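Reading through the structure tokens given below for one structure.
This is a predicted model, so every value here is computed, not measured. Numbered from 1 within each chain, the chains take letters A, B, ... in sequence-line order.
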Number of protein chains: 2
Amino acid sequence: MSANINATLSALAEPKRLQIVELLREGPLTVGEIAEKLELLQPQTSKHLGVLNKAGLVEVKAQANMRIYKLCQQPFKDLDGWLSSFGHVWEERFDRLDEYLQKLQGKD
Amino acid sequence: MSANINATLSALAEPKRLQIVELLREGPLTVGEIAEKLELLQPQTSKHLGVLNKAGLVEVKAQANMRIYKLCQQPFKDLDGWLSSFGHVWEERFDRLDEYLQKLQGKD
DNA sequence: ATAAAATATTCCTTTACAAGAATATTCCTT
DNA sequence: AAGGAATATTCTTGTAAAGGAATATTTTAT
């Protein structure tokens, strides 16, 4: 459903949001806990979580008057899949730069 | 030398730059070729390549009056490594949300 | 019903950054 | 040496987005 690498990368590119994601690796947390652990103000914590949620990186569950946020796994799997599409680049024994240079030479 | 995930993510978050990186998966290219294939103007192509270079995602080799750009592998490996640090999150059989909810219950 | 706690939302200001256009630089060719 | 090709740089402008402060919303407790 979501292989939107761009959206995932944009959401993760913001330092505070990256921190939030890293914190959530250890398990679900409420907004207040996230704000406290990362020393963020509550409003910006909520806003960042909103961005992460919109990008599909995070999901919420309401519990009493608080919201518990946890990571979604799909976008991370997608990102991992995308990264593996680079695999063959490193696999190649020869440096394709040499190949390219020879190709240039041949144009004379 | 570089495990700067933030820098890598920021550089990749820009759509055109992501395209450039995806294009370079298939091998080294000159600025002109990149600009042509992605239908970008040369100045912005150079600028995006500059950003990618500064972030360490790409390296240049001067050849005649052109510059050949190719991907660096380290940052992608780092990113892959970072992603695998999420592994244990999905591995866990039980949803830690349940665990968290029980912990909340216990606070009464 | 009211107050208080937890979270979300709005408004404003500031900043970062990408696009566009023009120009500068570098290197080759003749 | 001069001209042209490939690339880089500068300057300006427009825009998206992050931070701060204040306020609104929702839920629980009394």
Side-chain angles (χ1 to χ4, degrees), chain A residues 4 6-21 23-24 28-55 57-70 97 100-101 103-108, chain B residues 4 6-21 23-24 28-55 57-70 97 100-101 103-108:
Chain A
N4 194 348
N6 253 319
T8 300
L9 291 171
S10 298
L12 291 176
E14 213 287 326
K16 309 258 175 78
R17 282 199 293 268
L18 187 60
Q19 283 186 266
I20 293 178
V21 166
L23 181 57
L24 287 178
L29 290 175
T30 67
V31 176
E33 289 171 321
I34 296 171
E36 185 193 1
K37 298 203 182 198
L38 299 182
E39 296 183 333
L40 300 176
L41 298 178
Q42 177 269 315
Q44 16 260 24
T45 305
S46 282
K47 279 186 278 190
H48 282 310
L49 285 168
V51 174
L52 289 172
N53 183 47
K54 199 162 196 171
L57 296 190
V58 135
E59 55 184 326
V60 210
K61 183 176 175 62
Q63 178 72 3
N65 58 344
M66 34 211 219
R67 308 288 168 94
I68 305 177
Y69 282 87
K70 55 175 277 201
L97 183 54
Y100 191 92
L101 290 176
K103 190 170 64 186
L104 279 183
Q105 288 291 67
K107 284 183 180 172
D108 301 349
Chain B
N4 194 348
N6 253 319
T8 299
L9 292 171
S10 298
L12 291 176
E14 213 286 326
K16 309 256 174 77
R17 282 199 292 268
L18 187 61
Q19 283 186 266
I20 292 178
V21 166
L23 180 57
L24 287 178
L29 290 174
T30 67
V31 176
E33 290 171 321
I34 296 171
E36 184 192 1
K37 298 203 181 198
L38 298 182
E39 296 183 332
L40 299 176
L41 298 178
Q42 177 268 317
Q44 16 261 25
T45 305
S46 281
K47 278 186 280 190
H48 281 310
L49 286 167
V51 174
L52 290 172
N53 182 48
K54 200 162 194 172
L57 296 190
V58 135
E59 55 185 327
V60 211
K61 182 176 175 62
Q63 178 73 2
N65 58 344
M66 32 210 220
R67 307 288 167 95
I68 304 176
Y69 281 87
K70 55 176 277 201
L97 182 54
Y100 190 93
L101 290 175
K103 191 170 63 187
L104 280 183
Q105 288 290 68
K107 285 183 179 172
D108 302 348

Is there a side-chain contact between B:Val31 and B:Tyr69 in this structure, where contact means two heavy atoms from C-beta onward sitting under 4.5 Å apart?
yes

B:Arg17: partners by side-chain hydrogen bond (donor to acceptor under 3.5 Å, both in side chains), with sequence neighbours left out
B:His48

Only counting residues at least two apart or in another chain, list the ones meeting side-chain contact (heavy atoms from CB on, under 4.5 Å) with B:Leu41.
B:Pro43, B:Gln44

Can you name the residues that form a side-chain contact (heavy atoms from CB on, under 4.5 Å) with B:Glu59, not counting sequence neighbours?
B:Lys70, B:Cys72

Determine, for nucleotides 20-30 of chain C in 5'-to-3' order, which nucleotides have protein heavy atoms under 4.0 Å from the base (write B), from only the sugar-phosphate (write S), or from neither (write -).
BBB----SS--

Under 3.5 Å between N/O atoms: give me all the protein pairs with nucleotides 16-18 of chain C, atom names plus distance.
{"residue": "C:dA18", "atom": "OP1", "partner": "B:Arg17", "partner atom": "NH2", "Å": "3.1"}
{"residue": "C:dA18", "atom": "OP2", "partner": "B:Arg17", "partner atom": "NH1", "Å": "3.4"}

Within this structure, what is the NZ-to-C1' distance between A:Lys61 and D:dT26, rounded to whole angstrom?
17 Å

Please identify each residue that fulfils side-chain contact (heavy atoms from CB on, under 4.5 Å) with A:Asn53, with sequence neighbours left out.
A:Val58, A:Val60

Results of side-chain hydrogen bond (donor to acceptor under 3.5 Å, both in side chains) for B:Gln42 - residues two or more places apart only
B:Ser46

Integer-rounded Å distance: D:dT9 C1' and B:Asn53 CG:
15 Å

For DNA chain C, which consecutive runs of 3 or more Watson-Crick or G-U pairs (each distance under 3.5 Å) count as stems?
C:1-30 with D:1-30

B:Leu23 and B:Ile34 have their tightest heavy-atom pair at CD2-CA, 4.2 Å

Using whole Å, report how far CG of A:Leu40 lies from C1' of D:dG20.
13 Å

Using atom CG of A:Leu12 as one end and atom P of D:dA18 as the other, report the distance to the nearest whole Å.
12 Å

For the pair made of CD1 in A:Ile20 and P in D:dG19, what is the distance, rounded to whole Å?
10 Å

Side-chain heavy atoms of A:Leu29 within contact of A:Ile68, under 4.5 Å
no

Can you sort out the partners of B:Ala13 under side-chain contact (heavy atoms from CB on, under 4.5 Å), two or more places apart, ordered by chain and number?
A:Leu9, A:Ser10, A:Ala13

Do A:Leu38 and A:Thr45 have side chains that approach each other closer than 4.5 Å (heavy atoms only, starting at C-beta)?
no

